[in-house]
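What follows is a single structure, written as structure tokens, with notes after it.
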Amino acid sequence: MKRRRLVTGAGQLVLLLAAPQLAWGAGIVAVRVWPASDYTRVTIESDGALVARHFVTEAPERLVIDLEGLELSPMLRDIVGKIRPDDPYIAGVRVGQFQARVVRLVLDLKRPVAPQQFTLAPVAAYQHRLVFDLYPTEVQDPLLALIRDKEAAERQAAKAVEDALGELIARVDKPGIPQSTAPKPPVPVPPLQTPAPARETPPTDAERRRVDRLIIVALDPGHGGEDPGAIGPTGLREKDVVLAVGLALREKLNAVPGMRVMMTRDADFFVPLQDRVRKARRVQADLFVSIHADAFLRPEARGASVFALSTKGASSTAARWMAQRENAADLVGGVNVATVRDAQLRQALLDMSTTAQIKDSVKLGREVLSRLDRVGRLHKKDVEQAGFAVLKAPDIPSILVETAFISNPEEETLLRDAGYRTRLVDALATGIRHYFAKNPPLARQRSL
């Protein structure tokens, strides 16, 4: 009697097991899939190190993965149901016992990919992890995408105004309706002309001045994907809170004329620290703001903080501790060692953080901190400094904002509240706008 039957349907392999299946080697603990526009990550976690090999086929595009020393288990079979329809790279997956002690995964692809395979040793709550990162073979230029997005929004705004005026003229000219009594349709506000929030002070001369180039703000929601960040007493995850704040802040800043936001991540996926810096530099960002909601050793710790880079040691013990914690995110999130070696060739450049960059970062931090003070309690009233790896862009003013301590029960409750997050976003946006009002960016030509 056969131990299993394989039934194919709807592009996937459904496995009916006739008897309990036991792993001959390592036991599979979990299978996770993290889809994103940048890349899709497939993680196979096990209680022992796995041995695997892979290859790619063309026409049709497929990624074939052979896991050695395994017999198919229900946990591994769960990958079939983890592929989302909106995954940019994976259309579906089939899994089966290819040979004795070899399980084969076949990933049907939507587009050509350049897969990276690597393993991660146990760390934090994770056991052994086998990782496959599926990167596109052709990558879109992010700066060009931002500029095209801005132009499309402007065209849409102009068309909306034109349509509204045309409708108004048609109603005014309609026979039998006096011009003075013709109903006036509301004129939609163009997306890039949304009125700014109410000012605390009148606009300065610098703010009235027209900026003759696109201002780009890089927003960096911390953690993501395999790295949940800090977790609150009731289970609220840092990566989810800061992503929600980042997306809302992007919408707020994109409504400012002449400004556009690039996000290091706009979904739940992991981005290595150096890649976050590289993304900001690739679009020639004018500011870099990393958003966090950390935990601390004591649950009573509370309040917002703003950090800038320091090359001469931390400004406090707490700042040093938090920098070490954030810099360890790569270990939890999972970095490909091979790409780290390549990045080390460029590390000298990233370590050349200039005095001017740090000075401007402190200015930005003070503007943001002064607005956060009106939203809630501050942990420290001054901008602190420490050696945060994510702040090491040598030519971009960069700050790290700790919005609250998610480890504090009261502040975790605040972070869950949409109204509080809205006030938080307003404070961050106002601080950024006031920084630009006092420190207008250079009118440099952006290269495409």
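Tyr135 meets the ring pair (Phe, Tyr, Trp, His ring centres under 6.0 Å) test with Tyr39; sequence neighbours excluded. Under the ring pair (Phe, Tyr, Trp, His ring centres under 6.0 Å) criterion, Phe288 pairs with no residue, sequence neighbours left out. Applying the salt bridge (Lys or Arg N to Asp or Glu O under 4.0 Å) test to Asp266 and every residue at least two apart in sequence or in another chain returns nothing. Partners of Arg423 under the salt bridge (Lys or Arg N to Asp or Glu O under 4.0 Å) rule, at least two apart in sequence or in another chain, do not exist in this structure. Judged as a ring pair (Phe, Tyr, Trp, His ring centres under 6.0 Å), and not counting sequence neighbours, His128 has no contacts. With sequence neighbours excluded, no residue satisfies salt bridge (Lys or Arg N to Asp or Glu O under 4.0 Å) with Arg421. Residues satisfying the salt bridge (Lys or Arg N to Asp or Glu O under 4.0 Å) criterion with Arg62, sequence neighbours excluded, are Asp108.
Taking all atoms of both residues into account, the shortest heavy-atom contact from Ile396 to Gln357 is O-NE2, 2.9 Å. For Leu134 against Phe132, the heavy-atom pair with the smallest separation is CD1-O, 3.8 Å.
For residues 303-329, the set of pairs meeting the salt bridge (charged side-chain N to carboxylate O under 4.0 Å, His left out) definition, not counting sequence neighbours, comprises Asp294-Arg325. Sorted by first and then second residue, the salt bridge (charged side-chain N to carboxylate O under 4.0 Å, His left out) pairs involving residues 216-233 (not counting sequence neighbours) are Arg32-Glu226, Arg129-Glu226, Asp220-Arg276. Here ring pair (Phe, Tyr, Trp, His ring centres under 6.0 Å) pairs that include residues 223-264, with residues two or more places apart or in two chains, are His223-His292. Screening residues 314-339 for ring pair (Phe, Tyr, Trp, His ring centres under 6.0 Å), with sequence neighbours left out, gives Phe296-Trp321. Listed by first and then second residue, the ring pair (Phe, Tyr, Trp, His ring centres under 6.0 Å) pairs involving residues 59-94 amount to none (not counting sequence neighbours).
For the pair Ser370 (side chain) and Glu367 (backbone), a donor-acceptor distance under 3.5 Å is present. Within the 3.5 Å criterion, the main-chain N or O of Ile399 finds no donor-acceptor partner in the side chain of Ser361. Of the possible polar contacts, none joining the His379 side chain to the Ala304 backbone as a donor-acceptor pair under 3.5 Å is found. A donor-acceptor distance shorter than 3.5 angstrom exists from the side chain of Lys239 to the backbone of Gly225, with no hydrogens or angles considered.
With respect to Asp240 and Arg237, a salt bridge is recorded, a charged nitrogen being found less than 4.0 Å from a carboxylate O. Ion pairing between a basic and an acidic side chain is recognised when a charged N comes within 4.0 Å of a carboxylate O; Asp382 and Lys380 show no such pairing.
A donor-acceptor contact closer than 3.5 angstrom links the side chains of Thr234 and Glu412. Gln127 and Asp47 are not linked by any side-chain donor-acceptor pair at a separation below 3.5 angstrom, with hydrogens and angles left out of the test. Side-chain polar atoms of Glu384 and Ser316 form a donor-acceptor pair below 3.5 angstrom.
Note that CG of Asp286 and CE of Met262 are 11.5 Å apart. Values are rounded to the nearest 0.5 Å. In this structure, the separation between CZ on Arg111 and CD1 on Ile90 is 12.5 Å, given to the nearest 0.5 Å. A distance of 3.5 Å separates CZ in Phe98 from CZ in Arg104, rounded to the nearest 0.5 Å.
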(message) Before you tell me yes or no, could you show the steps for Arg366 and Leu369 under side-chain contact (heavy atoms from CB on, under 4.5 Å), namely the whole-Å CA-CA distance, both residues' side-chain angles and the distance that decides it to 0.1 Å?
(response) CA-CA 5 Å; Arg366 287 172 180 162; Leu369 197 62; 5.6 Å; no

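The side-chain heavy atoms of Leu63 and Leu105, taken from C-beta on, include no pair separated by under 4.5 Å.
Annotation: Arg377, atom CZ; neighbour count of heavy atoms from other residues, nucleotides and ligands within 6.0 Å does not exceed 12.
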